[in-house]
Amino acid sequence: MRRLALAAALFAACASPAFAADPVEGDWLTQTGSGKVRIAPCAQRPDRLCGAIFWLRDPADARATDINNPDPALRKRPILGLLMIRDFRQAAPGRWTGGRIYDPNTGKTYDSKISLSPNGALKVEGCILMVCQAQTWK
């Protein structure tokens, strides 16, 4: 009986459909080329997307800290590994909204949306009220 239950559980796991990653998931070079952000499901909320800085072009920047953060307690955290985008909800394949993006250069956080362009680039928009500015990541 125990073997039958185990076999049924294994069959159910193997028969489950595999979910393909959304096309915005992956490693993206920022518009300035100074860093790369890895976008993947959030650790605590796998139905949402987050992104952390995992590479910086200038080796000196790899030792930089979040000195512009408005919270003094966070100013010593390293930029490398910093969660830069968070909590994006899928609106459609390749289009995510309702997220937040943090700019370590200014210490400001913006409402944001991301979408895959037809040419395969990532359009990243940060918004204040109704005014949005976009960047193209490759």
Side-chain angles (χ1 to χ4, degrees):
M1 185 70 150
R2 182 181 263 176
R3 284 186 181 172
L4 183 59
L6 179 59
L10 286 172
F11 177 76
C14 293
S16 300
F19 293 102
D22 190 86
V24 303
E25 290 181 46
D27 298 344
W28 295 95
L29 181 66
T30 61
Q31 182 167 294
T32 63
S34 62
K36 290 183 182 178
V37 176
R38 179 165 289 144
I39 298 178
C42 299
Q44 303 300 323
R45 306 264 329 249
D47 61 320
R48 298 189 182 200
L49 287 185
C50 290
I53 300 168
F54 77 93
W55 175 86
L56 295 166
R57 178 179 51 206
D58 185 343
D61 290 342
R63 294 184 300 278
T65 59
D66 192 13
I67 59 171
N68 296 313
N69 196 297
D71 182 347
L74 298 177
R75 291 180 184 157
K76 292 188 184 215
R77 68 182 178 172
I79 296 294
L80 197 58
L82 182 73
L83 189 66
M84 185 178 171
I85 63 174
R86 61 180 159 75
D87 296 327
F88 285 85
R89 294 181 302 275
Q90 188 172 37
R95 194 165 64 92
W96 294 73
T97 61
R100 308 274 289 160
I101 187 165
Y102 175 71
D103 179 0
N105 293 319
T106 64
K108 295 185 179 183
T109 301
Y110 304 95
D111 292 333
S112 184
K113 53 189 172 182
I114 55 178
S115 59
L116 193 67
S117 298
N119 67 359
L122 187 68
K123 182 179 178 183
V124 180
E125 295 181 80
C127 307
I128 298 176
L129 299 174
M130 303 278 294
V131 179
C132 296
Q133 287 194 332
Q135 287 190 356
T136 301
W137 294 4
K138 298 178 181 174

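Since the model is a prediction, treat every value here as computed from it, not as a measurement.
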Next item on the list: For residues Ile85 and Ile39, determine if any side-chain heavy atom of one lies less than 4.5 Å from a side-chain heavy atom of the other.
Entry: yes
Next item on the list: Determine whether Asn68 and Thr106 make a side-chain contact, defined as any pair of heavy atoms from C-beta on separated by less than 4.5 Å.
Entry: no
Note to self: What I'd like to find out is whether the side chain of Ile79 reaches to under 4.5 Å of the side chain of Thr65, using heavy atoms alone.
What the structure shows: no
Check: Is the shortest heavy-atom distance from the side chain of Pro41 to the side chain of Leu49 under 4.5 Å?
Finding: yes
Margin query: Count I, L, V, M, F, W, Y as connected when their side-chain heavy atoms are under 4.5 Å apart, and connections chain through other members. Are Leu56 and Leu83 then in the same cluster?
Written below: no
Next item on the list: Ignoring hydrogens and angles, tell me if any N or O in the side chain of Ser112 forms a donor-acceptor pair with the backbone of Gly99 under 3.5 Å.
Entry: no
Next item on the list: Determine the minimum heavy-atom distance between Gln90 and Asp22, stating which atoms define it.
Entry: NE2-OD1, 2.8 Å
Item checked: For Thr136 against Ala121, the heavy-atom pair lying closest together -> CG2-CB, 3.5 Å
Checklist line | Atom of Leu82, atom of Pro104 and distance for their closest heavy-atom approach | finding: CD2-CB, 4.0 Å
Checklist line | Side-chain donor or acceptor of Thr97 paired with backbone N/O of Lys113 under 3.5 Å | finding: no
Note to self: A side-chain contact here means heavy atoms from C-beta on lying under 4.5 Å apart; do Thr109 and Arg86 qualify?
What the structure shows: yes
Next item on the list: Mind listing the closest non-hydrogen atom pair of Cys50 and Asp87 along with its distance?
Entry: SG-N, 3.8 Å
Next item on the list: Give a yes or no on whether Trp96 and Leu116 share a hydrophobic cluster (residues Ile, Leu, Val, Met, Phe, Trp, Tyr; joining criterion: side-chain heavy atoms under 4.5 Å apart).
Entry: yes
Check: Is any side-chain heavy atom of Ile128 closer than 4.5 Å to a side-chain heavy atom of Tyr110?
Finding: yes
Next item on the list: Drop me the distance from Gln135's CD to Lys123's NZ, to the nearest 0.5 angstrom.
Entry: 12.5 Å
Notebook entry, point to check: What's the shortest heavy-atom distance between Gly81 and Ala52, and which atoms?
Noted result: O-CB, 3.9 Å
Checklist line | Arg75 versus Pro70, closest heavy-atom pair with distance | finding: NH2-O, 3.6 Å
Next item on the list: Kindly say whether Cys127 contributes a backbone atom to a donor-acceptor pair with the side chain of Asp111 at under 3.5 angstrom?
Entry: no
Check: Are any non-hydrogen side-chain atoms of Trp137 and Ile114 less than 4.5 angstrom apart?
Finding: no
Next item on the list: May I ask you to test the Phe88-Arg48 pair for a side-chain heavy-atom distance under 4.5 Å?
Entry: no
Next item on the list: Begin from the C-alpha positions of Asp66 and Tyr102 and carry the test side chain to side chain contact (heavy atoms under 4.5 Å, CB included) through to its verdict.
Entry: CA-CA 11 Å; Asp66 192 13; Tyr102 175 71; 2.6 Å; yes
Item checked: Gap between atom OG1 of Thr30 and atom CZ of Arg57 - 0.5 Å precision -> 8.0 Å
Next item on the list: Before accepting this row, confirm whether a basic side-chain N of the pair Lys36/Asp27 lies closer than 4.0 Å to the acidic partner's carboxylate O.
Entry: no
